[in-house]
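Note sheet for the following structure.
Every chain is numbered from 1 and lettered A, B, ... according to where its sequence line falls, protein lines coming before strand lines.
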There are 2 protein chains.
Amino acid sequence: MSDIKIEKNAYHHGNLGARLIELGLEVLEIEGAEALSLRELAKMAGVSKTAPYRHFENKEIFLASLADEGFRLLYKDLLNARGNEPGSIGRMGKAYMAFAVSHPALYRLMSSSLLNRMPDSFKVWARKTLVLLSNTLDGVQNDENLPLNLHDTTAIWAYIHGLVLIRIDGLYPQDLNQPDWEQLAGTAFVLPSKTS
Amino acid sequence: MSDIKIEKNAYHHGNLGARLIELGLEVLEIEGAEALSLRELAKMAGVSKTAPYRHFENKEIFLASLADEGFRLLYKDLLNARGNEPGSIGRMGKAYMAFAVSHPALYRLMSSSLLNRMPDSFKVWARKTLVLLSNTLDGVQNDENLPLNLHDTTAIWAYIHGLVLIRIDGLYPQDLNQPDWEQLAGTAFVLPSKTS
DNA sequence: TTGCCTAGTTGGCACTGCCAACATTATTCG
DNA sequence: CGAATAATGTTGGCAGTGCCAACTAGGCAA
């Protein structure tokens, strides 16, 4: 809240919108979502308190932009983890977990009810992520295809999503032995529907 | 926000703490978590703006109390769904989904990072719920026992938790055919670890 | 009766999102 | 080139919030 540098700039910042997203991600990681105010971000960017409204209609839309950016980053990590050899699904599970653990506040934002209220243009990367999961499941490497098996994909996504949230939200009782989160994330991808 | 009755009462309300929880649950369902302010609840209860602070140290603690109450209600529903015959795990999955769908804002609050920052006294019912799930899995009917198989229980909890959140947060792309959520919730309980 | 304790009151501060009106710079086009 | 115009920022201000400090009303016990 106090030791974050304040920028000084010309009248026209040049790229305030993008800069606010960057700063927003920082604040999110360091101080959490509750501490994130547009006014403070504006101050950090060295700009007046209402300048952000020239780039984002309101706070909710700003947060939704942050969430979309989060899905872009997650997508990148998952793509990276996939590689070519078999077992990629397991690696993607671990990458998914790793992402959420290193950006907990961002991941929480991504999985809030925010995007629910937004037009599809804010769900570009969320959707791509789902498709990536689905295609990997089906052994498809072309990410532009439409997903084939959405039922199973949903089950698997739900599993890793819930696992990650239980962990980062500290829902698991602290006085019990913690489960092996990494291992659970790696074996995430056994299909319920294939065994029932 | 406007058509909610305001109560008139004597100086000493008698049970303001409990009344605020009730009103909080109402506001949560009707207007969502963002619209919930202690000041408005106080007004609804016919009491001055800072009276709530005599019962809850701060807003976060009030919200945590709401979340705990939520787990109590969920626990009750799950216990009800369990019954005695086999297949109870599937019924509990559906009951879990039904609870979240009819109290989405409350469920979101229950699964926020709030409880993370609270002492264990706010996690009484969250813990009981986990134990109930675990014991049902193991075929144990005595809910006072310690859970046996926390690894599998965590996996299953993660699955239903994630499924429910994906649904109520509208994370699933709206333009795709929606999966059969009920069916997914009912077949939630296939153990990953038993098939890998 | 006295006096304490609990529950509730009023006033106020610092902060927030966001609106209206205005100022400055950049861009486009006659 | 110069002027209109659009894009981007600025200031002042409003209503709402959480929460603090100081005060008060009423119930209960000694």
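- In this structure, the ring pair (Phe, Tyr, Trp, His ring centres under 6.0 Å) partners of Phe62(A), at least two apart in sequence or on a different chain, are Phe56(A).
- For Glu40(A) and dC18(C), the CD to C1' distance is 18 Å, given to the nearest whole Å.
- Partners of His103(B) according to the ring pair (Phe, Tyr, Trp, His ring centres under 6.0 Å) rule, which considers only residues two or more places apart in sequence or in another chain, are Phe99(B).
- Across the protein-nucleic acid pair, Lys43(A) atom NZ and dG17(C) atom P stand 12 Å apart, rounded to whole Å.
- By the salt bridge (Lys or Arg N to Asp or Glu O under 4.0 Å) test, Glu29(B) pairs with no residue at all, sequence neighbours left out.
- In this view, Ser48(B) and Thr50(B), Ala51(B) satisfy the side-chain contact (heavy atoms from CB on, under 4.5 Å) rule, not counting sequence neighbours.
- At whole-Å resolution of the value, CD in Glu34(B) and P in dT16(C) are 18 Å apart.
- Between Leu20(A) atom CG and dG9(D) atom P the separation is 9 Å, expressed in whole Å.
- Residue pairs meeting the salt bridge (charged side-chain N to carboxylate O under 4.0 Å, His left out) criterion with at least one member in residues 60-73 of chain B, sequence neighbours excluded, are Glu60(B)-Arg117(B), Glu69(B)-Arg72(B).
- The stretch residues 51-62 of chain B comes close to DNA chain C through Ala51(B), Arg54(B), His55(B), each having a heavy atom under 4.0 Å from the strand.
- Checking the phosphate oxygens (OP1, OP2) of dT10(C), no side-chain nitrogen or oxygen of Ser48(B) falls inside 4.0 Å.
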Between protein and nucleotides 12-14 of chain D, what N or O pairs are separated by less than 3.5 Å?
from	atom 1	to	atom 2	distance (Å)
dG12(D)	N7	Lys49(A)	NZ	3.1
dG13(D)	O6	Lys49(A)	NZ	2.8

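- To the nearest angstrom, P of dC20(D) lies 12 Å from CG of Leu38(B).
- Comment: Glu40(B) does not engage Lys43(B) in a salt bridge, judged by the lack of any side-chain N to carboxylate O separation of less than 4.0 angstrom.
- By the side-chain contact (heavy atoms from CB on, under 4.5 Å) test, Ala95(A) is found to be paired with Leu78(A), Ala81(A), residues two or more places apart in sequence or in another chain being considered.
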List the atom pairs, with distances to 0.1 Å, where a side-chain N or O of residues 161-176 of chain A and a protein N or O form a donor-acceptor pair under 3.5 Å, not counting sequence neighbours.
from	atom 1	to	atom 2	distance (Å)
His161(A)	ND1	Tyr107(A)	OH	2.6
Arg167(A)	NH1	Glu182(A)	OE2	3.2
Asp169(A)	OD1	Arg108(A)	NE	2.6
Gln174(A)	NE2	Gly170(A)	O	3.4
Asp175(A)	OD1	Arg127(B)	NH1	2.9
Asp175(A)	OD2	Arg127(B)	NH1	2.5

